[in-house]
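The structure appears below as structure tokens.
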Amino acid sequence: MENNFRKKYLRSLPAVDQVLQSSVLLQLQKDYPQGIINNAAKEIVNSLRTGILQAETEEDIRDVDFHIEKLAGLTAEKVKETLRPNLQNVINATGIILHTNLGRSLLAERSIEAVKEVTRHFSNLEFELVTGERGSRYIHVEDLLCQLTGAEAAIVVNNNAAAVLLVLNTLAREREVIISRGQLVEIGGSFRIPEVMTQSGAHLVEVGTTNKTHLMDYQRAIGENTAMILKVHTSNYDIVGFTSQVSTSELVDLGEKYSLPVIEDLGSGVLIDLARHGLKGEPTVPESIGEGLDIVTFSGDKLLGGPQAGIIVGKKHYIEKIKKNQLTRALRIDKMTLAALEATLQLYLDEEKAMREIPTLKMLAMPLAEVEARAEDMTAYLKDNLIGKAQIRVIDGFSQVGGGAMPLEEIPTKLISLQPFRITTTEIAENLREEEIPVIARIHKNQVLIDLRTVREDETFLLRDSLVRVLKKV
Ligand SMILES: *Cc1c(COP(=O)(O)O)cnc(C)c1O
């Protein structure tokens, strides 16, 4: 008697083949591999069978829908889930503009188009169209970089970490590099100057103290085996208080006196003076080159707002040496990056255009009033749709540049604050991350904070709907 209800349900459970013959799954075969569909259907049917066998009473399974169409629907969902890309879009509602974990810079539309074109067609990547001979991939952006930075020559590699490694390996292998103790930085993702130095084969000579380094400290350290003087932009911290560092121009003079190259790792290279756009100024690449540095390295995907790349600009004879280093081959930039970088750099030929079209710069310079208007808009909608679920309001806050740029620079912003009544903010954040397009938000005390500065216009509705869905579930 006990088992009877189970038998009844097992009999009504469709066979895998029946599910596979449903119109939904026959349709799905056009876009998805048959093997994946078969496995998914098997899993769905098996899990229902297990559910029946484990049911203690009929009550437990009475409401389960065993119709073929229902099972086919579940199978289709499973198939799509299986084949969803692992690397997927998310909505960055954190207000951190250069979020390394979320992929740093978004590309300008023109850069995206350039990537599409160069991947769809063959190209003159390493081919001289005039002579029909083999060419160099580096020439495609060299002139632009020289024009925009004032440098004599340029080369681009995989990222800035690779750029620093390559410069040190080319110019200072088995020799000494002098650097101030105040600049021995670690950047997120374990880029540490001392470690990169070891990998490059160069020997580190630390001078001065953490808070103070004088010209004399550098001078005293110069010896027979000195290869270069390195300056590192302390991009993710500031040493404040009783401090002093030697200015670039003093280092350049010192380098000249002893015939040593003076090199700067700028980290986040900006090409335009952001102070003109109401932001705290970062040293720009043209300024550094103008001060006479021999080589400057910087990232492509930090404040430049382009693809991941490491850009090396400077004096021609040093860049030529770097180009000949075998390591360059291992660190070389690919054609998609090169296409995106060229398009990004072209935008810089017109500063206003760069500010308008490069997402990183646009977010950075987005007027407070604009962020506020968007936040008020969304808040009104959320309030209407989430009555009794949370306290929702617009509050003052700060966006961050992130990515190891402008460490102490906080940009005033307007945040949407959600204080849920019956669920913890940690749970809300978790549920937001489980949305089809995951939403990454900030949690502060008992508030979920949404900063629209880093949310694209075309993501606004998706974000709004995700917030309503997640808070309504409560
Ligand atoms: C970010 C940074 C790097 C590393 O650059 P990647 O492009 O991430 O490889 C190196 N040096 C400094 C000073 C930086 O800020």
Side-chain angles (χ1 to χ4, degrees), residues 96-107 141 145 154-169 172 177 179-200 202 204 206 213 228-239 245 248 251 262-271 274 280-285 287-288 293 295-314 322 327-328 330-334 336-338 340-341 344-345 360 364 400-409:
I96 301 170
I97 297 169
L98 297 170
H99 199 307
T100 300
N101 306 136
L102 303 184
R104 286 199 191 153
S105 282
L106 304 185
L107 292 181
V141 288
L145 281 168
I155 179 173
V156 282
V157 289
N158 182 61
N159 59 5
N160 188 34
V164 175
L165 178 73
L166 186 58
V167 170
L168 292 172
N169 181 268
V177 174
I179 181 170
S180 158
R181 284 202 171 84
Q183 299 172 0
L184 292 172
V185 305
E186 170 175 326
I187 318 284
S190 71
F191 174 90
R192 283 181 164 183
I193 284 290
E195 256 109 281
V196 174
M197 197 81 82
T198 309
Q199 290 297 322
S200 73
L204 181 68
E206 304 171 29
T213 304
M228 69 163 78
I229 297 169
L230 179 65
K231 187 176 179 200
V232 178
H233 183 47
T234 55
S235 48
N236 54 3
Y237 66 97
D238 247 359
I239 298 175
Q245 289 290 334
T248 299
L251 287 182
V262 183
I263 302 208
E264 180 167 31
D265 169 14
L266 254 187
S268 191
V270 262
L271 294 182
L274 294 172
K280 200 183 113 198
E282 274 267 297
T284 68
V285 182
E287 274 165 20
S288 289
L293 283 161
I295 291 181
V296 174
T297 76
F298 56 101
S299 284
D301 57 353
K302 288 187 181 170
L303 284 174
L304 189 76
Q308 178 190 306
I311 301 168
I312 306 172
V313 294
I322 292 169
L327 197 53
T328 302
L331 305 174
R332 84 177 180 189
I333 192 166
D334 83 309
M336 291 186 270
T337 311
L338 211 41
L341 185 61
T344 305
L345 292 172
T360 299
L364 210 55
Q400 278 172 38
V401 180
M406 306 182 186
L408 306 180
E409 175 73 342

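Whatever order the structure lists ligands and atoms in, that order sets their numbers, starting from 1. Keep in mind that the numbers below use all heavy atoms, side chains included, and drop hydrogens, waters and symmetry copies.
- Nearest to atom 1 (C) of ligand 1 by heavy-atom distance, out of Lys302, Arg104, Glu264, is Lys302.
- Considering all non-hydrogen atoms of both residues, Ser299 and Leu304 come closest at O-CB, 4.0 Å.
- The shortest N or O to N or O distance between Gly267 and ligand 1 is not under 3.5 Å.
- Summarising the contacts of atom 13 (C) of ligand 1 with Lys231, Arg192, Gln308, His233, the nearest heavy atom is found in His233.
- For atom 4 (C) of ligand 1, the nearest non-hydrogen atom from the set Leu266, Leu98, Asn160 comes from Asn160.
- Of the listed options Ser268, Ser299, Ala163, Ser299 places a heavy atom closest to atom 6 (P) of ligand 1.
- Residues Pro283 and Leu266 come closest through the heavy atom pair CG-CD2, 4.0 Å.
- The shortest N or O to N or O distance between Asp265 and ligand 1 is under 3.5 Å.
- In terms of heavy atoms, Ser105 sits closest to Asp301 at OG-O, 3.0 Å.
- A heavy-atom distance below 4.5 Å is not found between the side chains of Leu230 and Val167.
- Residues meeting the salt bridge (charged side-chain N to carboxylate O under 4.0 Å, His left out) test with Glu206, sequence neighbours left out: Arg181.
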